[in-house]
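The figures that follow rest on heavy atoms only: side chains count, while hydrogens, waters and symmetry mates do not. Throughout, numbering of the chain's residues begins at 1 and tracks the sequence.
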Amino acid sequence: MAVVFTSFLPLQAQDGRSAYNFLNTTISSHAYGLGGVNISIIDDDINLYEQNPALMGPEIDMQVGMSYMRYLGGSNFASVKFAKEAGEHAAWSAGVQYFGYGEMKMTDVEGNINGTFSAHDMAFTGAYSHDFNEYFRGGIALKMLYSSYDEYTAFAMAADLGVNYYHSDKDLSLSLVAKNLGGQLKRFNERYDRLPIDVQLGYTQSIKNGPFRVSITAYNLTKWKLPYYAREDENDPYSSLVLKDKFVSNFFRHMIFALEYAPSEKFYVGLGYNHKTKTDMTTFSRNFLSGFSAAAGLNTSKFRVGIAFAQPHIGGTTFMVNLSTNLYEFRK
C-alpha cells in the first residue's frame with residue numbers, strides 16, 4: 001500500500017520507479033515560481049538553498065526561514081531552517097521538512113473501504129558550504145528521511161552535492177548538482193525502493209546587467225528518455241492515446257525556462273515554464289496554465305516574504321509562501 005502510494009504521488013519529475021519523490025518538491029517559493037527547479041539563481045534567501053547547497057555562504061549568517069505550501073489533494077507541506085556562517089568563507093544550516101498528505105481511504109484488494117489512514121514524510125537536513133576561490137563555491141547537504149504510511153514505516157539517508165560558479169561583474173551563475181545520493185536503510189516491506197537520484201545543470205544571467213534575469217535548468221539528466229502519452233485529439237477526451245518519445249519531446253521534458261524581473265534587492269517577480277509538468281497533465285484535464293508558475297518576493301528591513309502560484313491542471317491549484325529573517329536585525 002505504501003509503495004503504491006509513493007509511486008503515484010504527483011510530485012515533481014519522476015516516473016513511478018522510485019520512492020521518496022517528495023524530495024523533488026521544493027520548499028522555496030522563489031524556485032517553485034520559476035518552474036519548480038532552479039539551482040543557479042542568486043538570492044539571499046535561506047529557503048532557496050535547499051535547491052543547491054553551494055548557493056549558501058557566510059552572507060546568510062543567522063537567518064531563519066519558514067515555508068508553507070498548500071499542494072494537490074489536500075496535502076500540506078511545511079519547513080523550518082536555520083543557517084549561520086562558519087568563518088569568512090563557509091556556512092552551515094540545519095532544518096526539518098514535513099510533507100503531510102492528509103487522510104485517505106483504506107481499501108482491500110477487492111476495493112472495499114475498511115477505514116482511513118494518514119500518511120506523511122519528514123526530512124531532517126544539515127548542509128555545509130565553502131568558498132574554493134573568488135568564483136567557485138561547493139556544498140553538501142545530508143538528509144535523514146522518515147516515511148510513515150499507516151502501519152508502514154521506512155528510513156533512508158541521502159546527500160546532495162553541488163558546485164556553483166558566480167561572476168558578479170557579468171552577473172552570471174552556473175551550477176551543477178547531484179541530488180538524492182544514498183539509499184534506504186529500513187524498508188516498508190520486503191521490497192527495496194530507490195531514491196530519486198538526479199543530476200541537474202543550471203544557468204542564470206541578467207540581460208545586459210539590467211533588471212531582467214533568465215534561467216535555464218536541465219534536470220532528470222540520469223535518464224534521457226522521458227516518454228509520455230497524449231490524446232490523438234486534444235479536444236476529444238475519449239480519443240486514443242499516442243506515445244510521444246521523439247528527440248525534441250525528450251529534450252524539452254528535461255528543460256525549465258524562467259524569466260525574472262528584479263529591479264533591486266528589495267523586490268522581484270518571476271515566471272517559469274516546465275514542459276514536463278505540462279505534458280504530464282496531457283490526459284488529466286490540463287489548462288493553459290499547466291506548466292507555468294509565477295513567483296514574487298519582497299524584502300523589508302526585517303523580513304523577506306515570498307509567494308508562488310501554479311495550477312498544474314484544472315482541479316489543482318497550488319500556493320506557497322516563504323518567510324525568512326536575519327536574527328541580527330532584531331538587535332538594532
Tell me whether N274 contacts the main-chain N or O of K276 through its side chain, where contact means a donor paired with an acceptor under 3.5 Å. yes

Closest heavy-atom pair, E50 versus T26, reported as atoms and distance to 0.1 Å, is OE1-OG1, 2.9 Å

Interatomic distance, CD1@I256 vs OG1@T277, rounded to 0.5 Å, equals 7.0 Å

Could you tell me which residues satisfy side-chain hydrogen bond (donor to acceptor under 3.5 Å, both in side chains) with T204, sequence neighbours excluded, listed by chain and number? S40, S215

Check the pair F99, F77 against ring-ring contact (aromatic ring centres under 6.0 Å, His included), reporting the backbone distance first and the verdict last. CA-CA 4 Å; F99 301 82; F77 305 157; 4.9 Å; yes

Residues two or more places apart in sequence or in another chain: which of them pass salt bridge (Lys or Arg N to Asp or Glu O under 4.0 Å) with E260? R213

According to side chain to side chain contact (heavy atoms under 4.5 Å, CB included), who are the partners of Y165, at least two apart in sequence or on a separate chain? Y135, F136, H167, L172, L174

From L323, N47, V321, residue fulfilling side chain to side chain contact (heavy atoms under 4.5 Å, CB included) relative to S67: N47

Is the W224 ring parallel, tilted or perpendicular to the H254 ring (thresholds 30°, 60°)? parallel

For S173, side-chain hydrogen bond (donor to acceptor under 3.5 Å, both in side chains) partners two or more places apart: N164

Would L145 and M122 count as a side chain to side chain contact (heavy atoms under 4.5 Å, CB included) here? Give the steps. CA-CA 6 Å; L145 312 173; M122 297 186 70; over 6 Å; no

Looking only at side chains, do S175 and N52 share a donor and an acceptor under 3.5 Å apart? yes

Is there a donor in the side chain of N322 and an acceptor in the side chain of R304, or the other way round, less than 3.5 Å apart? no

Does Q184 use its side chain to pair, donor to acceptor, with the backbone of A156 at less than 3.5 Å? no

Using a strict cut-off of less than 4.0 Å between a Lys/Arg side-chain nitrogen and an Asp/Glu carboxylate oxygen, indicate whether D160 and K143 qualify as a salt bridge. yes

The reported gap from NZ in K170 to OG in S206 (rounded to nearest 0.5 angstrom) is 12.0 Å

Could you tell me if N38 and Y32 have a donor-acceptor pair between their side chains, going purely by distance under 3.5 Å? no

Would you say the side chains of Y166 and D171 form a donor-acceptor pair under 3.5 Å? yes

Just by distance, no angles: are the side chains of D121 and S147 close enough, under 3.5 Å, to form a donor-acceptor pair? yes

So how far is it from F309 CZ to S29 OG, rounded to the nearest 0.5 Å? 14.5 Å

Inter-residue atom distance D280.CG - Y228.OH, 0.5 Å rounding: 9.5 Å

Contacts of S93 meeting side-chain hydrogen bond (donor to acceptor under 3.5 Å, both in side chains) (sequence neighbours excluded), chain-then-number -> none

Using only heavy-atom distances, determine whether the side chains of Q51 and Y49 contain a donor-acceptor pair under 3.5 Å. no

CE of M66 to CD1 of I27: how many Å apart, nearest 0.5 Å? 12.0 Å

Is it possible for you to say whether L34 and L55 belong to one hydrophobic cluster, with membership spreading through side-chain heavy-atom contacts below 4.5 Å? yes

With sequence neighbours left out, write down each residue that passes ring pair (Phe, Tyr, Trp, His ring centres under 6.0 Å) with Y68, or none if nothing qualifies. none

State plainly whether one hydrophobic cluster holds both V199 and V163, where clusters connect Ile, Leu, Val, Met, Phe, Trp and Tyr through side-chain heavy atoms under 4.5 angstrom apart. yes

Check whether any side-chain N or O of H130 sits under 3.5 Å from a backbone N or O of A90 as a donor-acceptor pair, and report yes or no. no

Over all atoms of both residues, closest heavy-atom pair of F82 and K84: CE2-CB, 4.0 Å

Under 6.0 Å from the CZ atom of F319, do we count more than 12 heavy atoms belonging to anything else shown? yes

Has S129 got a side-chain atom pairing as donor or acceptor with G138's backbone, closer than 3.5 angstrom? no

Under the ring-ring contact (aromatic ring centres under 6.0 Å, His included) rule, what pairs show up with a residue in residues 260-280, not counting sequence neighbours? H30-Y268, F212-Y261, Y273-H275, Y273-F292

Can you tell me how far CE of M157 sits from NZ of K186, rounded to the nearest 0.5 angstrom? 16.0 Å

Pair Q200-T217, side-chain donor/acceptor within less than 3.5 Å: no

Considering residues at least two apart in sequence or located in another chain, which fulfil the side chain to side chain contact (heavy atoms under 4.5 Å, CB included) criterion with V242? E232

Atom of F188, atom of Y152 and distance for their closest heavy-atom approach: O-CD2, 3.7 Å

The criterion is ring pair (Phe, Tyr, Trp, His ring centres under 6.0 Å); which residues satisfy it with H120, sequence neighbours excluded? Y98

Could you walk me through whether T300 and V305 pass side chain to side chain contact (heavy atoms under 4.5 Å, CB included), step by step? CA-CA 8 Å; T300 68; V305 180; 5.9 Å; no

Check whether K179 reaches the backbone of L161 with its side chain - one donor and one acceptor, N or O, closer than 3.5 Å. no

Sub-3.5 Å donor-acceptor pair from the side chain of D198 to the main-chain atoms of N220, do we have one? yes

If we count only N and O atoms by modelled type, under 3.5 Å, do the side chains of K244 and T279 hold a donor and an acceptor together? no

What pairs with A178 under side chain to side chain contact (heavy atoms under 4.5 Å, CB included), at least two apart in sequence or on another chain? L181

Residues passing the ring pair (Phe, Tyr, Trp, His ring centres under 6.0 Å) test with Y192, sequence neighbours excluded, are none

Could you tell me whether a side-chain N or O of T325 sits under 3.5 Å from a main-chain N or O of K302, the two making a donor and an acceptor? yes

With sequence neighbours left out, what residues match D61 under side-chain hydrogen bond (donor to acceptor under 3.5 Å, both in side chains)? Y328

Within one Ile-Leu-Val-Met-Phe-Trp-Tyr cluster: F132 and I42, side-chain cutoff 4.5 Å: no

Can any side-chain N or O of N250 pair as donor or acceptor with the backbone N or O of L226 at less than 3.5 Å? yes

Do R137 and E59 meet the salt-bridge criterion of a basic N to acidic O distance under 4.0 Å? yes

